[in-house]
Amino acid sequence: MSWETVIGLEVHVQLATKSKLFSGSATEFGAAPNTQASIYDLALPGTLPVMNEEVLRMAVSFGLAVDAEIGKRSVFDRKNYFYPDLPKGYQITQLEFPTVGRGSLKIQLEDGSDKVIGITRAHIEEDAGKSLHEDFQGMSGIDLNRAGTPLLEIVSDPDLRNAKEAVAYLKKLHSIILYLGISDGNMSQGSMRCDANVSVRKKGATEFGTRTEIKNVNSFRFVEKAINYEVQRQIELIEDGGRVVQETRLYDSDKDETRSMRSKEVANDYRYFPEPDLLPVIIDDEYIAAVRATLPELPGARCLRFVSQYSLSEYDADVLTSSRNMADYFEEVARLCGDAKLSANWVTADLLGLLNKNDLDITSSPIKPSQLGTMISRIKDNTISGKLAKTVFEALAEGESDVDQIIEARGLKQVTDTGAIEKLVDDVIAGNPDQVAQYRAGKDAVFGFFVGQAMKISKGKANPAQLNELLRNKLKAE
Amino acid sequence: MALDKNDVEKIAHLARLQINDSDIVEVAQRISNILGMIDQMQSVDTSAVSAMAHPFDAGQRLRADQTTETNQRDYYQKIAPATQNGLYLVPKVIE
Amino acid sequence: MLSKTVAELSGALTRKEVSARELTQAYLDKIHQLNPALNAYVTITAEQALAQADAADNRRAKGNASPLTGIPIAHKDIFCTRGVLTACGSHMLHNFIAPYDATVVERLEQAGAIMLGKTNMDEFAMGSSNETSWFGPVRNPWDQARVPGGSSGGSAAAVAAGLCAMATGTDTGGSIRQPASFCGLTGLKPTYGRVSRWGMIAFASSLDQAGPLTRSAEDAALMMNAIAGSDLRDSTCLELGFEDFTAKLNQPLAGLRIGLPREHFTKDLNPAVQTILQNAIRTLESLGASFKEVSLPNNYLSVPAYYVIAPAEASANLSRFDGVRFGYRCENPDNLEDLYKRSRGEGFGDEVKRRIMVGTYALSAGYYDAYYIKAQKIRRLIKQDFDLAFNDVDLILGPTSPHTAFKLGEKVSDPVTMYLEDIYTIAVNLAGLPGMSLPAGMLNGLPIGMQLVGPSLSESRLLNVAHQFQMNTDWHSQRPEV
């Protein structure tokens with residue numbers, strides 16, 4: 001039997017503000033427990049929320065980036081439940097009137113085609129604290145540093161059809177968030193967390209199957225694995241005559257499986273109602289226009305620009321704009337060396353290969369844009385050949401810093417002296433009479449042999465253009 | 001609207017209130033009386049009326065994104081029932 | 001001396017007839033003498049008060065005093081006071097030493113008022129008789145077998161008995177005005193948003209307002225000058241510049257149009273109360289006011305709507321009392337669930353638990369529209385009634401309470417009867433309007449108040465009318481013999 005998977009993602013993004021959503025506490029990651037918890041964050045009686053304007057700006061900028069409707073009147077609500085990491089006993093969130101309404105995001109599928117994923121909404125809400133389960137004589141410890149950190153919860157439509165699409169969507173979202181600078185997007189520190197709603201149905205069915213919610217999956221890889229595991233689990237369950245139960249499941253990355261979170265209340269009744277301590281947030285067109293004016297160039301627009309401005313292929317432009325840092329890196333290299341095409345080749349092939357091999361992000365690249373730019377300049381000004389540049393590149397990757405020193409020390413400088421190259425050509429012609437005869441008899445393919453010989457003798461340093469020209473002339477001449 | 005024992009138990013659970021079994025009948029009775037009084041509302045047609053959540057119609061004032069709080073953990077934890085290593089202690093949270 | 005008004009005491013301090021220290025000591029002595037019977041204070045901060053008194057005397061000597069500098073005050077125990085027990089009438093907070101000051105407390109301290117202590121109240125302000133307090137009931141100084149009203153009963157009793165010169169109260173459904181009526185005081189509930197709620201333990205956030213309980217309208221105006229005004233820590237606090245509430249006290253009443261709600265003056269109103277109100281109306285007429293009947297047709301729905309909205313908000317506001325970070329925690333909880341249920345079950349009193357459950361029910365799945373949304377719609381109707389009435393009149397006059405102070409234990413066993421005590425006051429909170437109660441007469445040796453209600457931000461006008469009334473009557477000068 002053939003099954004179709006239906007996935008919707010709820011992505012929680014911690015907004016990179018200095019202070020919390022409703023209090024003046026710091027939001028830094030990794031502080032000692034409860035040192036960033038004010039009387040408001042601790043929910044001491046009599047304390048009240050006052051909203052951080054930066055959170056609004058960030059939420060609106062996200063909305064604009066995904067072409068969403070912006071809520072001109074957003075309303076905060078209380079979501080009531082008891083949990084030790086939720087000090088007020090309710091979370092302030094937005095239920096009916098979120099700041100960001102319906103929008104969409106275009107993702108690229110593996111076959112190269114595009115797919116538009118609907119964004120249902122994105123709302124502002126408070127993060128919870130953390131429960132630590134190290135042993136305190138059978139007790140749990142509660143750290144409220146994170147409580148009240150601003151979150152943007154981005155809810156997708158159930159438009160995703162497999163784990164790869166889910167990951168592509170998530171990566172695209174991640175990229176936009178970094179472009180906007182509204183979050184550090186650090187999944188391992190929980191700045192971006194993903195809940196996946198997963199169901200399966202028979203191909204062709206119009207009704208959705210019963211879904212489960214996989215909570216807090218904290219890397220792209222785990223999102224893919226967790227969804228794949230869960231899809232398989234659901235299909236096997238149904239094929240064995242069972243039924244999927246609507247429930248919350250936790251992904252265990254060690255065992256690569258999802259399991260039911262039975263301790264979470266079975267039938268939650270959150271008793272939402274409008275937050276009486278806050279008034280509606282009202283914004284006008286002027287405000288929206290002002291935020292729009294501050295938006296950075298987003299990946300889509302930047303990709304198009306790369307194609308037109310630098311004459312790059314769409315594929316290269318797409319790769320280069322997949323993250324803001326990558327695009328910035330490329331543009332810096334291109335600016336320094338003045339050759340975008342060559343820069344694009346080096347960044348997408350050699351540099352990305354190096355980064356992937358070492359599992360590094362562009363921001364921690366061992367080769368700085370200034371170094372790569374200088375290196376390409378040296379190719380451009382004929383100091384080194386493109387081939388020997390690989391040696392320079394490897395030296396840079398190993399931690400050497402000065403391009404010219406590397407060239408000097410390794411003697412990689414190209415021979416461009418016509419006399420020297422002429423002598424080289426003469427030697428090769430004189431030393432290989434058989435091949436010369438073949439070439440003159442019309443076997444053009446032998447030309448490569450002469451180039452190879454000349455390069456071998458010059459240790460690759462002969463300027464290839466000059467060498468080619470002289471070889472051709474001399475071989476013809478006689 | 002009259003509540004029965006089950007209703008009271010359900011509400012008490014949602015609100016995390018321990019109610020002694022011996023009191024439940026009386027609690028149900030009293031809350032039912034209150035709901036009876038409240039039900040006077042149902043006789044009024046409000047289909048054309050919009051809900052009013054707040055006494056005045058105004059927009060939210062926002063504050064600048066600045067860190068204004070300093071670490072006062074020790075002071076705030078003086079009034080806590082149980083702490084250790086700066087953490088508030090509760091019976092084991094099971095996830 | 002101890003039963004003089006704030007205005008009089010301020011004059012005496014200015015003229016150096018008495019020092020702040022002497023005054024404070026005299027109040028403390030009287031508290032020690034009378035409080036064991038009245039139970040008006042739950043905490044007495046004698047040492048701190050005397051230190052503040054010395055500072056006030058210094059400040060007066062330096063000539064930079066405000067009218068409240070050196071005036072002893074009592075704070076309702078709903079206001080957080082740094083370093084001082086803030087129990088809110090509850091076992092839940094019996095050990096809660098607040099680590100910060102409420103804005104109201106801070107502002108009165110800045111004005112130089114001297115805090116004598118914290119006053120008893122209905123638990124979490126839920127009550128109309130001060131009988132739900134974990135610290136036991138407060139007794140009415142006019143008749144100790146009777147209640148002082150609630151929930152600001154301790155504050156009202158303290159002012160009435162001369163155990164302080166003025167006191168703070170809070171009013172969610174009548175909790176300043178009804179005790180003012182029962183104890184012969186002037187009590188003002190300001191427009192919602194006039195006074196910051198920061199540091200005031202929330203009962204129902206969209207209804208709660210702090211205000212003064214005093215011996216005269218002038219005193220209330222002086223207190224308002226100190227406590228009103230915008231506060232960046234409360235998002236619902238209106239951004240208004242300083243207003244001098246004493247400025248218009250002496251404005252003549254000629255041309256004033258007062259509305260009398262048809263629905264309040266019916267045969268159901270106690271005839272003796274009716275007579276007292278008629279006398280007050282004649283007095284105001286003689287001062288130039290004209291009267292006109294107005295209608296508040298939805299007022300009868302205010303109690304039902306209130307008993308959805310207030311408990312709904314309270315059910316969430318009181319979720320933070322969970323035995324984890326402060327307050328009462330049950331002994332040896334078996335597990336997390338047990339910690340929550342027993343801490344809250346044992347920490348809250350019956351009335352509080354009842355209201356939490358009513359609110360939880362009203363918000364729960366399947367009932368939200370029928371209860372919560374319905375109540376919010378009725379709230380709109382009630383507000384519209386007032387808006388319409390204020391097209392024709394400047395303010396509205398009526399009873400504060402259906403009767404004088406009732407006996408302890410008389411109504412406590414029947415919540416619904418107790419709730420209906422607030423039939424005249426609750427609509428004002430739902431509409432967010434300013435309302436005040438001032439003494440209008442005596443009935444069988446007990447004071448009774450009348451209520452004035454004005455449009456948004458009309459406190460100065462209300463205080464003006466009350467002051468003019470008090471200049472021409474002496475009901476507010478009556479003092480109980482304790």
Side-chain angles (χ1 to χ4, degrees), chain A residues 21-24 34 37-53 76-92 95-96 129 131 133 138-144 147 263-265 267-281, chain C residues 78-80 86 88 90 92-93 96 98-103 124 193 196-202 204-208 231-237 309 312-313 315-322 324-327 336-337 339-341 344 359-368 372-373 376:
Chain A
L21 174 52
F22 296 121
S23 81
N34 291 309
S38 71
I39 50 176
Y40 173 78
D41 308 320
L42 297 173
L44 257 57
T47 57
L48 296 166
V50 184
M51 191 186 169
N52 184 338
E53 63 181 4
F76 285 103
D77 298 281
R78 291 185 181 177
K79 177 183 182 180
N80 294 286
Y81 64 95
F82 285 87
Y83 212 65
D85 64 10
L86 187 74
K88 294 192 291 293
Y90 55 86
Q91 178 194 33
I92 303 180
L95 180 67
E96 211 179 333
S131 306
H133 309 298
M139 308 282 272
S140 288
I142 307 298
D143 174 11
L144 297 171
S263 67
K264 285 262 168 176
E265 213 168 324
N268 268 324
D269 184 345
Y270 290 124
R271 291 159 284 135
Y272 287 94
F273 73 103
E275 165 58 274
D277 286 332
L278 293 164
L279 300 170
V281 176
Chain C
I78 200 167
F79 293 101
C80 286
T86 302
C88 214
S90 184
M92 181 58 87
L93 289 178
F96 179 63
Y100 76 110
D101 277 328
T103 298
F124 287 102
S196 168
R197 294 185 296 116
W198 175 260
M200 185 175 120
I201 298 175
S205 308
S206 78
L207 302 164
D208 296 344
D231 180 6
L232 298 178
R233 293 172 293 193
D234 175 2
S235 301
T236 64
C237 192
I309 294 167
E313 292 183 8
S315 72
N317 282 334
L318 271 60
S319 292
R320 64 190 60 204
F321 302 104
D322 58 5
V324 176
R325 298 163 313 283
F326 51 81
L336 189 60
E337 199 80 353
L339 167 75
Y340 284 147
K341 289 189 173 171
R344 292 167 59 77
T360 301
Y361 181 73
L363 291 172
S364 64
Y367 299 100
Y368 181 77
Y372 184 76
I373 293 295
Q376 298 285 36

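What you see is a predicted model, and the numbers here were worked out from it, not measured in a lab. Letters go in sequence order (proteins before strands), and every chain restarts at 1.
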Please flag which part of [X] lies under 4.5 Å from any non-hydrogen atom of chain A: side chain, backbone, both or neither.
| X | value |
| --- | --- |
| C:Ala312 | backbone |
| C:Leu318 | neither |
| C:Asp208 | neither |

Query raised in the report: Any side-chain heavy-atom pair from C:Tyr100 and A:Ser38 closer than 4.5 angstrom?
Result: no
Distance-minimising heavy-atom pair for [X] and [Y]:
| X | Y | value |
| --- | --- | --- |
| C:Thr236 | A:Asp277 | CG2-O, 3.5 Å |
| C:Cys80 | A:Pro45 | SG-O, 3.6 Å |
| A:Arg78 | C:Glu313 | NH1-O, 3.8 Å |
| A:Gly89 | C:Ser319 | CA-CB, 3.8 Å |

Query raised in the report: Of all residues at least two apart in sequence or in a different chain, which pass the side chain to side chain contact (heavy atoms under 4.5 Å, CB included) check with A:Ala43?
Result: A:Pro87, A:Lys88, C:Arg320, C:Arg325
Chain C contact via [X] - side chain, backbone, both or neither, heavy atoms under 4.5 Å:
| X | answer |
| --- | --- |
| A:Asn80 | side chain |
| A:Ile39 | side chain |
| A:Tyr272 | backbone |

Report task. Using the test side chain to side chain donor-acceptor pair (under 3.5 Å), find all partners of C:Ser90 that sit at least two apart in sequence or belong to another chain. Result -> C:Glu123
Rounded to the nearest 0.5 Å, how far does [atom2] of [Y] lie from [atom1] of [X]?
| X | Y | atom1 | atom2 | result |
| --- | --- | --- | --- | --- |
| A:Met139 | C:Leu339 | CE | CG | 8.0 Å |
| A:Leu44 | C:Phe96 | CG | CZ | 4.5 Å |
| C:Ile201 | A:Thr47 | CD1 | OG1 | 10.0 Å |

Just so I understand: if I count every heavy-atom pair under 4.5 Å between each of [options] and chain A, which residue has the most?
| options | answer |
| --- | --- |
| C:Leu232, C:Leu93, C:Asp322, C:Thr360 | C:Thr360 |
| C:Gly199, C:Ala316, C:Ala365 | C:Ala316 |
| C:Phe321, C:Trp198, C:Tyr368 | C:Trp198 |

Requested in this report: Look at the side chain of C:Ser235 and the backbone N and O of A:Pro49, then say whether any donor-acceptor pair between them is shorter than 3.5 Å.
Outcome: yes
Query raised in the report: Taking the inter-plane angle between the rings of C:Tyr340 and A:Phe82 on a 0 to 90° scale, is it parallel (under 30°), tilted (30 to 60°) or perpendicular (over 60°)?
Result: tilted
Query raised in the report: Taking atom CD of C:Glu337 as the centre, does the number of heavy atoms from other residues, nucleotides or ligands within less than 6.0 Å exceed 12?
Result: yes
